[in-house]
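Below you'll find the structure, written out as structure tokens, and then a few comments.
Along the sequence shown, residues are numbered consecutively beginning with 1.
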Amino acid sequence: MNNTLNIFGGLILGSSIFLAAINYMASNIEDFESVPLTPPKQIAITTNNPLIKVDATSRSKWTLVDFSTGKTYNIKDLEKEKAKLKSFPWDIGFQRTKIITNGGLTNPDGIVGVKNMGPIDLDSVTSVPITGYTQDAKSFGKVLNKAIVDWYLYRTRTHNVESQKNVYALRMAEGGYLKMRILNYYCNR
């Protein structure tokens with residue numbers, strides 16, 4: 001009987017310590033999230049193609065990019081600001097690792113679509129396909145473009161986001177096509 005009480009007491013004590021640790025972590029989760037790990041060093045990339053840096057760090061707004069002019073626009077809510085989505089001349093939108101396009105479910109009037117061409121040399125692409133482009137659709141309750149949704153790898157040991165360096169063909173909002181590659185998730189490179 002005495003051994004059973006010791007085991008039961010040990011389980012209650014261990015459970016109490018575990019719950020206290022979980023409660024501490026839950027109430028201080030901002031402290032854990034706000035300490036960024038240093039991203040790995042990457043090799044400098046040289047290309048004859050233009051580079052565009054997009055600030056997609058916000059958790060609450062989308063950055064829409066118009067590749068024809070290089071302009072960017074910001075919106076907060078895709079559902080509530082549908083009229084704005086139709087009024088801006090934009091091609092692709094970024095919010096952290098999420099990417100949308102100006103076509104399909106995001107904007108049924110838009111024609112933008114993406115085709116994943118795989119991890120090929122960007123400079124070797126001299127023409128893009130005319131067909132086979134994917135537009136935004138709903139999947140598991142989220143709006144996404146299945147052709148570009150897996151553009152990155154998340155490294156669980158380092159908590160870093162790394163580009164798969166695939167080349168994407170993009171059918172643009174104002175007609176025409178372009179090729180693109182996402183080089184890096186982090187702004188300081």
Side-chain angles (χ1 to χ4, degrees), residues 1-45 52-65 72-82 84-85 92-108 114-119 134-168 180-189:
M1 176 90 170
N2 194 18
N3 195 20
T4 305
L5 288 175
N6 287 338
I7 291 172
F8 186 68
L11 287 173
I12 289 177
L13 180 65
S15 297
S16 298
I17 292 171
F18 176 74
L19 288 174
I22 292 295
N23 284 333
Y24 172 77
M25 288 174 61
S27 63
N28 295 307
I29 197 73
E30 285 293 320
D31 295 340
F32 295 105
E33 285 185 349
S34 64
V35 179
L37 295 172
T38 49
K41 297 278 183 196
Q42 290 195 352
I43 300 168
I45 297 171
I52 297 175
K53 190 183 232 183
V54 177
D55 181 4
T57 57
S58 176
R59 294 175 193 258
S60 62
K61 69 179 179 181
W62 286 87
T63 302
L64 309 177
V65 179
T72 60
Y73 310 93
N74 292 314
I75 64 164
K76 288 198 180 229
D77 191 317
L78 293 177
E79 291 299 318
K80 292 179 183 174
E81 299 185 63
K82 282 274 191 196
K84 277 189 178 180
L85 286 175
I92 195 164
F94 299 91
Q95 184 188 57
R96 302 189 61 82
T97 58
K98 296 179 269 185
I99 299 176
I100 57 172
T101 58
N102 189 359
L105 190 61
T106 302
N107 180 9
V114 177
K115 183 172 180 73
N116 186 345
M117 299 173 69
T134 304
Q135 292 188 318
D136 291 359
K138 193 168 248 184
S139 180
F140 297 107
K142 295 183 178 189
V143 176
L144 53 85
N145 189 307
K146 288 188 177 185
I148 200 167
V149 72
D150 61 350
W151 69 268
Y152 68 95
L153 298 169
Y154 178 71
R155 302 291 183 193
T156 54
R157 293 189 98 195
T158 60
H159 301 289
N160 283 310
V161 175
E162 296 176 9
S163 172
Q164 291 201 47
K165 303 232 180 347
N166 290 338
V167 173
Y168 300 95
M180 66 175 255
R181 170 180 283 148
I182 299 172
L183 299 176
N184 197 348
Y185 176 73
Y186 301 98
C187 295
N188 59 351
R189 290 186 247 150

[atom1] of [X] to [atom2] of [Y]: how many Å apart, nearest 0.5 Å?
X: Asn74; Y: Ser60; atom1: CG; atom2: OG; value: 9.5 Å
X: Ile182; Y: Ile52; atom1: CD1; atom2: CD1; value: 11.5 Å
X: Lys84; Y: Asn107; atom1: NZ; atom2: CG; value: 15.0 Å
X: Phe8; Y: Leu13; atom1: CZ; atom2: CG; value: 12.0 Å
X: Thr72; Y: Leu64; atom1: OG1; atom2: CG; value: 8.5 Å
X: Thr101; Y: Leu144; atom1: OG1; atom2: CG; value: 10.0 Å

Looking only at heavy atoms, which two atoms of [X] and [Y] are closest? And how far apart?
X: Ala147; Y: Asp150; value: O-OD1, 4.2 Å
X: Leu105; Y: Pro108; value: O-CD, 4.0 Å
X: Val65; Y: Val54; value: CG2-CG2, 3.7 Å
X: Phe94; Y: Ala56; value: CB-CB, 3.6 Å

Tyr154 side chain reached by His159 side chain, heavy atoms, under 4.5 Å: yes
Contact check, side chains of Asn160 and Tyr152, non-hydrogen atoms, under 4.5 Å: no
Arg96 (side chain) donor-acceptor with Arg59 (main chain) under 3.5 angstrom: no
Donor-acceptor pair, side chain of Lys82 and main chain of Thr106, under 3.5 angstrom: yes
Carboxylate-amine/guanidinium contact Lys76 Glu81, below 4.0 Å: no
CA sep, side-chain torsions, deciding dist, call: Tyr168, Asn166, side-chain contact (heavy atoms from CB on, under 4.5 Å): CA-CA 6 Å; Tyr168 300 95; Asn166 290 338; 3.6 Å; yes
Steps toward side chain to side chain donor-acceptor pair (under 3.5 Å) verdict (Asn145, Thr134): CA-CA 7 Å; Asn145 189 307; Thr134 304; 4.8 Å; no
Derivation of the side-chain contact (heavy atoms from CB on, under 4.5 Å) call for Asn116 and Trp151: CA-CA 9 Å; Asn116 186 345; Trp151 69 268; over 6 Å; no
Identified side-chain contact (heavy atoms from CB on, under 4.5 Å) counterpart of Ile148 within the set Lys115, Met180, Lys98: Met180
